[in-house]
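Down below is the structure, laid out as structure tokens.
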Amino acid sequence: MATYLLLLIISASAFSTLNADVSIDCGSSESYGSDDYSIAWVGDDLYIQHGESVELQSSKTIYQPMATLRVFTDRKKNCYNIDSEKGSKVLVRAYFFYGNYDGKSSPPKFDLHFDGNHWITVETSADQLVSYEAIYVTKTDTISVCVAQTFPNMFPFISAIEVRNLDSKMYGYSDSNRALMLRRRVAYGTEVIVRSTDDFYDRIWVPAVKGDDFTVLTSDETFIEVSLDDSPPRALFQNAFATDNTSTSIKLGTNLPTTKVPVYMNIYYSEASVLDSTQKRSLQLLVDGKINSKPFIPVYGTAGEITLYNLTANSDTTFSLAASPDSTLPPLINALEVFTVSDELTDGTNSDDVEGLVSLQDEFDILKDWGGDPCLPSPYSWDWINCTSGSTPRVTALYLGSFGLSGFLPDFSSMTSLEIIDLHNNSLIGSIPEFLGTLPNLKQLNLAGNDLSGTIPSSISKNKKLKLTVTDNPNLCVSGKSCKTASVDTSGSGGSSSSGRRKKSKLPVILGTTIPIFVLVWVIGGVCAVLHHKRKSEAIAAGNV
């Protein structure tokens with residue numbers, strides 16, 4: 001696995017990512033393997049160039065991926081883009097370990113986003129690791145994880161990001177247009193964290209704290225049959241919690257918020273021993289003391305599951321497993337997952353506008369480090385654009401003045417909602433593209449202070465609704481000015497078709513210079529010849545004397 005990831009890393013482009021499971025150590029430039037969980041970690045320099053990389057200084061031992069972080073002190077939001085396959089089901093985790101990296105002993109609060117959706121407000125801890133996990137179906141071929149500043153002087157940071165591809169059948173009762181936000185995932189009876197080495201999908205199962213009312217059961221079966229769609233790891237079913245008697249139920253800790261939210265819950269179980277004919281273990285799920293399920297019987301050597309969904313609950317709601325009236329054995333449980341269900345996920349900024357913005361990023365390297373959804377979630381759009389409101393916003397303005405852009409303007413004609421384009425004070429070259437004059441809603445076009453050339457397209461110059469500014473473009477032909485270029489090059493090469501005329505205009509000068517020089521040489525030659533002949537004649541005459 002580590003070798004496979006390394007090959008992918010080598011072949012990745014500067015700002016793209018791995019099209020598979022990936023673990024990103026934010027703030028690190030190194031790639032390494034983790035001995036703890038056999039996870040291959042990569043540095044984040046392939047994913048982002050903005051922000052400041054910080055290495056924590058601590059006398060305590062820190063899990064290596066948490067020993068660095070990346071902090072952001074400007075921009076509305078800063079994002080990591082991770083390649084994925086559209087329509088794939090993924091698990092995304094984000095980690096935050098403050099570790100007093102700034103020496104202020106003031107853990108910050110800020111927002112966390114994914115794919116243009118608000119995820120949660122992150123509340124970091126002085127010395128505790130904070131993590132969040134979401135499971136959802138991607139709507140594009142890119143996963144974005146973003147942090148956004150929401151409070152003054154509280155700069156967002158991130159320590160690590162993990163992405164895992166899941167089987168499409170997993171968590172099948174959930175709505176594909178909504179995300180599952182993890183609240184709790186716990187394994188009962190285990191003493192260590194269960195994850196990548198045991199769970200093919202690298203979910204993190206935390207050991208449950210054993211209370212006095214529980215007994216730990218260990219399965220007599222060494223190989224548990226697991227054929228569930230949610231693919232829980234086999235290691236979960238080696239141990240279980242059970243109460244001491246049938247009259248005591250297992251209260252399930254959910255870690256739900258105080259406000260009522262939609263809930264999605266998975267309960268896993270398996271009989272630990274072969275029962276004789278006088279024994280029976282039958283369970284029921286209770287919600288606020290009321291029976292919420294039919295009785296279910298754990299089977300020895302086989303994993304079982306019950307899923308609870310289409311229910312709203314909060315921290316005051318009680319969930320418990322109780323023995324059925326005819327059960328001779330107390331209830332047991334092997335593992336539990338608790339999620340809240342998100343609002344409907346956004347489809348993102350209009351795809352035509354995204355296409356145009358990608359064209360600009362492909363042409364100008366300085367724009368490539370802007371990631372995430374351009375407009376969403378509101379108000380965290382990219383700093384240099386304006387957007388409409390709504391679930392599928394349009395881009396209405398480009399504010400790229402003095403942005404250090406250098407080169408030709410690409411085609412972004414798909415951005416038909418643009419009203420303002422400000423590109424002044426850059427180093428743009430070539431001719432003004434014809435398509436700028438065909439944008440139906442464009443009202444202001446500022447191209448001043450560049451090195452554009454050629455003529456202004458008639459679609460722009462004759463557009464009376466458009467306010468055009470093109471000052472300080474010395475090679476650009478404007479109305480009322482004698483133009484040295486004959487036509488506008490719309491091929492994108494920025495060249496000129498006036499070379500033939502320029503050569504012709506130089507011909508009279510060349511001829512006018514050549515002819516006088518030729519006459520002068522001829523005159524000088526004639527004078528020299530006459531003088532030479534005279535001297536020769538005098539010499540002959542002297543010889544005769």
Side-chain angles (χ1 to χ4, degrees), residues 349-364 366-367 374 384-388 393-508:
T349 300
N350 181 276
S351 59
D352 290 337
D353 291 338
V354 172
E355 177 186 341
L357 292 171
V358 168
S359 296
L360 288 166
Q361 289 183 312
D362 287 343
E363 181 66 29
F364 304 117
I366 199 170
L367 302 180
W384 45 275
I385 66 175
N386 268 6
C387 302
T388 62
R394 297 298 307 262
V395 177
T396 59
L398 297 176
Y399 295 110
L400 289 168
S402 302
F403 233 80
L405 307 183
S406 178
F408 300 97
L409 274 177
D411 183 355
F412 51 94
S413 56
S414 60
M415 302 180 70
T416 55
S417 291
L418 282 173
E419 299 175 4
I420 299 173
I421 299 177
D422 185 359
L423 294 165
H424 80 278
N425 196 26
N426 285 292
S427 299
L428 300 176
I429 59 175
S431 57
I432 299 177
E434 182 79 30
F435 78 84
L436 291 175
T438 64
L439 294 173
N441 296 294
L442 192 62
K443 299 175 182 178
Q444 297 180 35
L445 176 59
N446 189 348
L447 300 172
N450 285 283
D451 196 20
L452 297 168
S453 58
T455 59
I456 298 175
S458 59
S459 61
I460 296 177
S461 60
K462 294 181 180 180
N463 188 343
K464 296 182 180 180
K465 297 180 181 180
L466 178 62
K467 180 182 178 182
L468 175 65
T469 308
V470 292
T471 54
D472 296 328
N473 282 276
N475 296 316
L476 185 66
C477 296
V478 296
S479 177
K481 178 181 176 182
S482 177
C483 295
K484 293 182 179 181
T485 54
S487 62
V488 178
D489 180 10
T490 59
S491 65
S493 64
S496 172
S497 60
S498 61
S499 58
R501 190 179 71 174
R502 289 183 178 178
K503 290 180 180 178
K504 183 177 179 181
S505 64
K506 292 179 180 179
L507 185 59

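Atoms considered below: every heavy atom in the structure, side chains included; atoms not considered: hydrogens, waters and symmetry mates.
For the pair Ser458 and Ser461, the tightest heavy-atom approach, listed with the atom from each and the gap, is CA-OG, 3.2 Å. Minimum heavy-atom separation, Met415 to Leu439: O-CD2, 3.7 Å. Closest approach of Cys387 to Pro374, counting heavy atoms only: SG-O, 4.5 Å.
Once rounded to the nearest 0.5 Å, the distance linking CG of Leu436 with CD1 of Ile460 reads 5.0 Å. Note that the OG atom of Ser414 and the CG atom of Asp353 stand 6.5 Å from one another [nearest 0.5 Å]. Expressed to the nearest 0.5 Å, how far CG of Leu442 lies from OG1 of Thr396 amounts to 11.0 Å.
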Q: Could you please spell out the steps behind the side chain to side chain contact (heavy atoms under 4.5 Å, CB included) verdict for Leu447 and Leu476?
A: CA-CA 11 Å; Leu447 300 172; Leu476 185 66; over 6 Å; no

Q) Given the rule in the side chain to side chain contact (heavy atoms under 4.5 Å, CB included) test, do Leu367 and Leu400 qualify, once you have shown the distances and angles that lead to the verdict? A) CA-CA 10 Å; Leu367 302 180; Leu400 289 168; 3.8 Å; yes

Q | Criterion side chain to side chain contact (heavy atoms under 4.5 Å, CB included) on Leu398 and Leu423, from CA distance to verdict | A | CA-CA 8 Å; Leu398 297 176; Leu423 294 165; 5.8 Å; no

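For the side chain to side chain contact (heavy atoms under 4.5 Å, CB included) with Val395, the lone residue among Thr388, Ile385, Val354 that qualifies is Ile385. The residue from Asn386, Asp352, Thr416 that alone fulfils the side-chain hydrogen bond (donor to acceptor under 3.5 Å, both in side chains) condition with Arg394 is Thr416.
Looking at Asn426, its side chain does come within 3.5 Å of a backbone N or O of His424 through a donor-acceptor pair. Judged by distance alone, with hydrogens and angles left aside, the side-chain atoms of Asn450 form a donor-acceptor pair with the main-chain N or O of Ala448 at under 3.5 Å.
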Contacts table for residues 463-471: side-chain donor-acceptor under 3.5 angstrom, sequence neighbours left out:
unit_1, atom_1, unit_2, atom_2, d
Asn463, OD1, Lys465, N, 3.1

Identify all side-chain donor-acceptor contacts of residues 401-412 below 3.5 Å with residues at least two apart in sequence or on another chain.
unit_1, atom_1, unit_2, atom_2, d
Ser402, OG, Asn425, ND2, 2.8
Asp411, OD1, Ser413, N, 2.8
Asp411, OD1, Ser413, OG, 2.7

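Legend: side chain to side chain donor-acceptor pair (under 3.5 Å) pairs involving residues 436-447, not counting sequence neighbours: none detected.
The shortest side-chain heavy-atom distance between Asp451 and Pro474 falls under the 4.5 Å cut-off.
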